[in-house]
There are 2 protein chains.
Amino acid sequence: MKPGERATAEGFLFTDEYQLTMAQLYFRMGMHETPALFEHFFRSYPAYGMHKAGYCINAGLEWLLDWMAEARFRPQDLEYLRAQRSGAGEQLFDDDFLAWLSENGNFDSVSLQAIPEGRVVHPNVPLTVVEGPLALAQILETPLLNHLNYQSLVATKAARIHRAGRGQLLLEFGLRRGQDKGANAGARAALIGGADFSSNVGLSHILGFPPKGTHAHSMVQAFIALGGTELEAFQAYAEIYPDDCLLLVDTVDTLESGIPNAIRVFEGLRRKGHEPVGIRLDSGDLAYLSIQAAKQLDAAGFQDARIVLSNQIDELVLWQIISQIEEEAPLYNVDPEALIRRLVYGVGTRLITSRGQSALDGVYKLVAICKDGAWAPAMKISESLEKIINPGHKAVWRVYDQRGKAEADLLSLREENPRTMEPLVMHHPMEYATRRELEQDKISEIEPLLVPVLEDGKLVYELPAIEEMRSRREADLGRLDPGVRRIMNPHIYHVSLTESLWDLKQALIQSLSLKPGAGGS
Amino acid sequence: MKPGERATAEGFLFTDEYQLTMAQLYFRMGMHETPALFEHFFRSYPAYGMHKAGYCINAGLEWLLDWMAEARFRPQDLEYLRAQRSGAGEQLFDDDFLAWLSENGNFDSVSLQAIPEGRVVHPNVPLTVVEGPLALAQILETPLLNHLNYQSLVATKAARIHRAGRGQLLLEFGLRRGQDKGANAGARAALIGGADFSSNVGLSHILGFPPKGTHAHSMVQAFIALGGTELEAFQAYAEIYPDDCLLLVDTVDTLESGIPNAIRVFEGLRRKGHEPVGIRLDSGDLAYLSIQAAKQLDAAGFQDARIVLSNQIDELVLWQIISQIEEEAPLYNVDPEALIRRLVYGVGTRLITSRGQSALDGVYKLVAICKDGAWAPAMKISESLEKIINPGHKAVWRVYDQRGKAEADLLSLREENPRTMEPLVMHHPMEYATRRELEQDKISEIEPLLVPVLEDGKLVYELPAIEEMRSRREADLGRLDPGVRRIMNPHIYHVSLTESLWDLKQALIQSLSLKPGAGGS
């Protein structure tokens, strides 16, 4: 993309065509400034092929807000839309609508509530609630989903990998496999969800993290092609980076050449008063090789040297590597627990693309619209029961049991307060007969999840640092039942409705099914 | 991301940390300006879980060139790198290296050859060849792979979907599910690979395509919530867009409400002298519903109304939809071929994320480096035979048989000319004993695939329009054997080496394995 094209492709027109044609329709019908309420939520956990997640980590809000603050309909955008033609060759967007967009084409009139970044979230729970003039809230659909779907997807994957790796240091290496500049959003989401650092220099810079890395095979290859050796390449690296010496040992032969050469270099470093950082393994059987590497390093007196594993790592691979180490290390007189504690993971492709499920199915649905000064709930009846939305202005609560564990997320009408309901009735979102009752004395806390973020376009929320998002993540994960955190076949967390919300939903389904000109007539 | 941060996160530092630490090492060793040759290639076709591709479509070059032309090491970048600390708390990048980067931190000294965008390409064939000062060619690795891997991945998926849809109109709808601004690169790649249009407004604008779209459920919902009906929503749409009337019919009930209402509106349009465009189906059994929709539309006299299918479409789903239509349509007296010819496909998530395989495994490897004024071939010996690279300065050829079909891609030494070899010997890239001989009179054409693009940073290549890339794609696909184009279990296309290149590779493997200080010693 040419530099001059960026403001066009990434600004206010970073949306779908139908948002603009619908906006003009609303304008023509006099509905464009009618207050409307849209909710963003996802419908199902990422399934990764066969092993479904039991939770997601919310992410992306701050970058969405940055985009909204910057996006403005420009004179060039107007010229472009004015040039669009209908099927009959006429101007598709009329001048009066374009004039209105020129005046109002920004998000300064939008209010927004959201669940903060880093928090554990679940399906069908409103994560972001947008209130604003119908036309602008409609145009916002595509960029909002774009910014939030992907970062939540990657933050979730990072959390899973981080847990599967038993909390060992996790490095994000995915820049070369992300979607163009979107790789920066992936690295940010990884840092929120579970990665400790990223190799991405520019992104690390703007977020205030030191970027991390080792070296590539090409460095060793270059030395060899010029008549040198792997050992000389390692020696050069150690000389220049004596306190950051982490050597990639698989360019020639890991066990016969790479590790012995690394150890010779490490011995030289230690004689000069420096401690090596460790080695990196990027091919082969990473479990077996890490055991052999540990054995060689230990024998040479480098028990603290880290062993970085990279190459197609994800949560299942880590689970298998650690299981294999536990079984195989004792055969070589290597302590498996000590070995696991010195491991570091470099994760590229499979994190930044969320291998197995590369999109979160987040959607943005109209749930209410202002009619004669009052909010009228809106709904889409669907052929599949799961896709029927929960209508109206709502509040979102997390209910904790007496152990302090999250018991369920509960959606209520906005004006309801579940803390005063005795017993608290939690209705299944789809099934008529399924409801649970909970006495208040079985509940340790009922926490509202949505916080006000924008009021009429004005930021009323203190944007947290990534460190704070990480603390939230760990706190929320700690309050999930272990069964919900399992990386395969997790226990399904409950998302329920209050009875009043359930009743509203049923009434609306019934009225829509009976409406003349709608279904069934 | 804040607007002021973009130049940092998307500029020269849009790379991995280890590229910079290696560059400093080369600088320290006096190797940083040594001419080096790197090749970019992918190792295997996307496997999409179970059904592997038989070809890829090359894409991304122009946007890489745009990035390279713009990326410059800035004073702010220098300040940032100067602030980085080693493990011992010292300055990680020294001032002399940073001064050199300030002078030379751009790609004005790099030469580049490439296979043009839109062409069919295969594994282990150099798609991009970079020649430049070692340090800069090294830093380029990450951004080059970032720009080329993803666009080639999506162009390939788009070509597969386009073919599975029998060449019917294909619309790219993926903006909400792409990776942040990377979604623009995805839409571009889709347009190169097989999509006719995109819903992405800004991206369509900069590429000169009209963006396409229909309307969303929320439009119908808004009317209903305000006391109106689906029919009134459709009527409003038809009134405002009489020559672009494409109605989404599944908000209430597709067969009982949506299609009958659409037909009433279409009748009104026709009375006023306008022809409707058609309807869109976004849920349910798309094959069955499209048959029923065709039946209703035909009975009402709208045989030409298009039926747009969206919702989780990819090449396998299209294959199944079309198979089902062929079997089921006759049961309802609907002509399956006529129905298939009126279908249009809107493809979102599964195209922009390349469902089943969301990253192409493109790599960038050092293959030669200048030593005493001559090129020394470089190699990485790997534990897996497939990962051993083909060394040295090479040329790339496509050999066509007498039918004009592509027979194989052939890698040769740069100075070789396969057109003069009689017979032409094509050696398997890994297996010792596997070679084929082809008489020149069995060959209709031997075509060089790489074209010069940059010479010392100067563009020496006329960048083709997307229309030209599409023509190349169709021409190349037409010259593949149908077995190679199959969407499942394709015939494996041959990529071979000349005997001289094979010999060089074997000699290098042997010399590396025997080198003291390397493997085996």
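All figures in this text were calculated on a predicted structure; none of them were measured in a lab. No hydrogens, no waters, no symmetry mates; every other heavy atom, side chains included, goes into these values. Note on naming: letters A, B, ... go to the chains in the order of the sequence lines (proteins, then strands), and numbering restarts at 1 for each one.
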*Asks:* Which atoms of L25(A) come close to chain B, meaning under 4.5 Å heavy atom to heavy atom: side chain ones, backbone ones, both, or neither?
*Replies:*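 Answer is both: backbone and side chain atoms of L25(A) are under 4.5 Å from chain B.
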
*Asks:* Answer with side chain, backbone, both or neither: which region of F12(A) has an atom nearer than 4.5 Å to a non-hydrogen atom of chain B?
*Replies:*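 Looking at F12(A), nothing touches chain B.
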
*Asks:* Can you tell which part of E70(B) gets under 4.5 Å to a heavy atom of chain A, answering side chain, backbone, both or neither?
*Replies:*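 The answer is the side chain of E70(B).
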
*Asks:* Which one wins on heavy-atom pair count under 4.5 Å against chain A: N149(B), L226(B), L134(B)?
*Replies:*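 Looking at each option in turn, the highest pair count goes to L226(B).
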
*Asks:* Mind ranking G4(A), A69(A), A222(A) by heavy-atom pairs under 4.5 Å with chain B and telling me who comes out on top?
*Replies:*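 The option with the most such pairs is A222(A).
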
*Asks:* Please report the interatomic distance OH(Y241(B)) to OG1(T214(B)), rounded to the nearest 0.5 Å.
*Replies:*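 Those atoms lie 11.5 Å apart.
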
*Asks:* For each of G202(A), G89(A), A189(A), tally heavy-atom pairs with chain B at distances under 4.5 Å, and name the one with the top tally.
*Replies:*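 Of the options given, most contacts go to G202(A).
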
*Asks:* What is the distance from atom CZ of F173(A) to atom OG1 of T142(B), rounded to the nearest 0.5 Å?
*Replies:*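 Spacing of CZ (F173(A)) from OG1 (T142(B)) equals 11.0 Å.
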
*Asks:* At a 4.5 Å cut-off on heavy atoms, which part of Y364(A) comes close to chain B: side chain, backbone, both, or neither?
*Replies:*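 Neither; nothing under 4.5 Å.
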
*Asks:* With the side chain counted from C-beta on, respond yes when N184(A) and F14(B) share a heavy-atom pair under 4.5 Å apart, and no when they do not.
*Replies:*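 The answer is yes; the side chains approach within 4.5 Å.
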
*Asks:* Among L145(A), L13(A), V201(A), who wins on heavy-atom pairs under 4.5 Å with chain B?
*Replies:*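 Most pairs with chain B among the choices: V201(A).
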
*Asks:* Donor-acceptor check, side chain of N146(B) to backbone of L175(A), threshold 3.5 angstrom: yes or no?
*Replies:*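 Present.
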
*Asks:* Between T251(B) and E230(B), does any side-chain donor sit less than 3.5 Å from a side-chain acceptor?
*Replies:*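 No, because no side-chain N or O of T251(B) sits under 3.5 Å from a partner of the opposite role on E230(B).
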
*Asks:* Answer with side chain, backbone, both or neither: which region of I389(A) has an atom nearer than 4.5 Å to a non-hydrogen atom of chain B?
*Replies:*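 Side chain of I389(A) only, per the 4.5 Å heavy-atom cut-off to chain B.
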
*Asks:* Heavy-atom distance under 4.5 Å to chain B: side chain of C245(A), backbone, both or neither?
*Replies:*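 Interface part for C245(A): neither.
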
*Asks:* What part of K181(A) gets within 4.5 angstrom of chain B, counting heavy atoms only: side chain, backbone, both, or neither?
*Replies:*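 The answer is both parts of K181(A).
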
*Asks:* Rounded to the nearest 0.5 Å, what separation is found between the CZ atom of R176(A) and the OG atom of S199(A)?
*Replies:*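 Output value for this atom pair is 7.5 Å.
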
*Asks:* Could you look at I206(B) and say if it's the side chain, the backbone, both or neither that has a heavy atom under 4.5 Å from chain A?
*Replies:*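 Both backbone and side chain of I206(B) come within 4.5 Å of chain A.
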
*Asks:* Need one label for E275(B): side chain, backbone, both or neither, based on atoms under 4.5 Å from any heavy atom in chain A.
*Replies:*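 When you check distances to chain A, no heavy atom of E275(B) falls under 4.5 Å.
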
*Asks:* Is it the backbone or the side chain of S218(B) that comes under 4.5 Å from a heavy atom of chain A, or both, or neither?
*Replies:*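 When you check distances to chain A, atoms from both the backbone and side chain of S218(B) fall under 4.5 Å.
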
*Asks:* Do E17(B) and L92(B) come close enough that some side-chain heavy atom pair is under 4.5 Å?
*Replies:*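 The answer is yes, as the side chains (C-beta and beyond) meet within the 4.5 Å cut-off.
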
*Asks:* Which one of K365(A), Q138(A), Q151(A) has the most heavy-atom pairs closer than 4.5 Å to chain B?
*Replies:*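 Most heavy-atom pairs under 4.5 Å with chain B: Q138(A).
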
*Asks:* Just so I understand: if I count every heavy-atom pair under 4.5 Å between each of G213(A), G258(A), P210(A), G178(A) and chain B, which residue has the most?
*Replies:*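 Among G213(A), G258(A), P210(A), G178(A), the one with the most close pairs to chain B is G178(A).
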
*Asks:* Using non-hydrogen atoms and a 4.5 Å limit, figure out which bit of E10(B) sits close to chain A: side chain, backbone, both or neither.
*Replies:*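 When you check distances to chain A, atoms from both the backbone and side chain of E10(B) fall under 4.5 Å.
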
*Asks:* Show the nearest heavy-atom pair for residues H215(B) and Y18(A), with the distance to one decimal.
*Replies:*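 The pair with the smallest heavy-atom distance is C-CD1, 3.4 Å.
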
*Asks:* Does a side chain donor of either S257(B) or N261(B) reach within less than 3.5 Å of an acceptor in the other side chain?
*Replies:*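 There is such a pair (donor and acceptor under 3.5 Å, judged by atom type) between the side chains of S257(B) and N261(B).
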
*Asks:* Can you tell which part of E141(A) gets under 4.5 Å to a heavy atom of chain B, answering side chain, backbone, both or neither?
*Replies:*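 The answer is the side chain of E141(A).
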
*Asks:* Between chain A and each of H274(B), K371(B), Q221(B), M29(B), count heavy-atom pairs under 4.5 Å; write down the option with the most.
*Replies:*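 Result: the option with the highest number of such pairs is Q221(B).
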
*Asks:* Taking every heavy-atom pair that is under 4.5 Å apart, which of A236(B), A7(B), P143(B), S354(B) has the most such pairs with chain A?
*Replies:*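 With the most close heavy-atom pairs to chain A, the winner is A236(B).
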
*Asks:* With rounding to the nearest 0.5 angstrom, report the OG1 to CG distance, T15(B) to L203(A).
*Replies:*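 The OG1 atom of T15(B) sits 12.5 Å away from the CG atom of L203(A).
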
*Asks:* Heavy atoms only: give me the nearest A378(A)-A225(B) pair and the separation to one decimal.
*Replies:*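 In this case the closest contact between A378(A) and A225(B) is CB-CB, 3.8 Å.
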
*Asks:* I'd like to know which of V220(B), D94(B), D77(B), T21(B) tops the heavy-atom pair count under 4.5 Å against chain A.
*Replies:*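 The answer is T21(B).
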
*Asks:* Rounded to the nearest 0.5 Å, what separation is found between the CD1 atom of I352(A) and the CG atom of L153(A)?
*Replies:*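 That separation rounds to 11.0 Å.
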
*Asks:* Taking side chain as everything from C-beta outward and backbone as N, CA, C, O, which of these in K2(B) sits under 4.5 Å from a heavy atom of chain A? Side chain, backbone, both or neither.
*Replies:*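 Both parts, heavy atoms under 4.5 Å.
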
*Asks:* Between Q24(A) and chain B, with a heavy-atom cut-off of 4.5 Å, which part of the residue counts as in contact: side chain, backbone, both or neither?
*Replies:*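 Interface part for Q24(A): both.
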
*Asks:* Does any backbone or side-chain atom of S204(A) lie under 4.5 Å from a heavy atom of chain B? Answer side chain, backbone, both or neither.
*Replies:*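 Both backbone and side chain.
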
*Asks:* S358(B): which residues meet the side-chain contact (heavy atoms from CB on, under 4.5 Å) condition with it, sequence neighbours left out?
*Replies:*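 S358(B): side-chain contact (heavy atoms from CB on, under 4.5 Å) contacts with T353(A), S358(A), T353(B).
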
*Asks:* Can you say whether H217(B) sits under 4.5 Å from chain A via the side chain, the backbone, both, or neither, judging by heavy atoms?
*Replies:*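 H217(B) touches chain A through side-chain heavy atoms alone.
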
*Asks:* Tell me, side chain or backbone of M1(B) under 4.5 Å from chain A's heavy atoms, or both, or neither?
*Replies:*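 The answer is both parts of M1(B).
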
*Asks:* Testing the basics here: between F223(B) and E232(B), what is the closest heavy-atom pair and its distance to 0.1 Å?
*Replies:*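 Minimum heavy-atom separation between F223(B) and E232(B): CE2-O, 3.9 Å.
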
*Asks:* What part of R6(B) gets closer than 4.5 Å to chain A, counting heavy atoms only: side chain, backbone, both or neither?
*Replies:*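 Side chain only.
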
*Asks:* With chain A as the partner, which of A185(B), P3(B), A368(B) has the greatest number of non-hydrogen pairs under 4.5 Å?
*Replies:*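 The option with the most such pairs is P3(B).
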
*Asks:* Counting only non-hydrogen atoms closer than 4.5 Å, does D16(B) touch chain A with its backbone (N, CA, C, O), its side chain (CB onward), both, or neither?
*Replies:*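 Both the backbone and the side chain of D16(B) come within 4.5 Å of chain A.
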
*Asks:* If you take all heavy atoms of W63(A) and D180(B), which pair is closest and at what distance?
*Replies:*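 Taking every non-hydrogen atom into account, CE3-OD1, 3.9 Å.
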
*Asks:* Where on R350(A) is there a heavy atom nearer than 4.5 Å to chain B: the side chain, the backbone, both, or neither?
*Replies:*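 Interface part for R350(A): neither.
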
*Asks:* Could you tell me if the side chain of Y80(A) sits less than 4.5 Å from the side chain of T8(A), heavy atoms only?
*Replies:*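 Side chain of T8(A) against side chain of Y80(A), heavy atoms only: no contact under 4.5 Å found.
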
*Asks:* Any salt bridge linking R28(B) with E239(A)? Criterion: basic side-chain nitrogen under 4.0 Å from a carboxylate oxygen.
*Replies:*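 Salt bridge absent between R28(B) and E239(A).
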
*Asks:* So what's closer than 4.5 Å to chain B heavy atoms on L360(A): side chain, backbone, both or neither?
*Replies:*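 Only the backbone of L360(A) comes within 4.5 Å of chain B.
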
*Asks:* Just so I understand: if I count every heavy-atom pair under 4.5 Å between each of A187(B), G60(B), A359(B), A9(B) and chain A, which residue has the most?
*Replies:*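 Highest number of heavy-atom pairs under 4.5 Å: A9(B).
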
*Asks:* So, for D244(B) and S86(A), which heavy atoms are closest and what is the spacing to 0.1 Å?
*Replies:*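 Answer, listing the atom of D244(B) first, then S86(A): OD2-CB, 3.0 Å.
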
*Asks:* So, for A216(B) and L248(B), which heavy atoms are closest and what is the spacing to 0.1 Å?
*Replies:*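 Closest approach of A216(B) to L248(B), heavy atoms only: C-CD2, 3.6 Å.
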
*Asks:* Between M219(A) and chain B, with a heavy-atom cut-off of 4.5 Å, which part of the residue counts as in contact: side chain, backbone, both or neither?
*Replies:*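 For M219(A), heavy atoms of backbone and side chain both lie under 4.5 Å from chain B.
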
*Asks:* Quick check on the interface: out of D361(A), V277(A), L508(A), V363(A), who has the most heavy-atom pairs with chain B under 4.5 Å?
*Replies:*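 Highest number of heavy-atom pairs under 4.5 Å: D361(A).
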
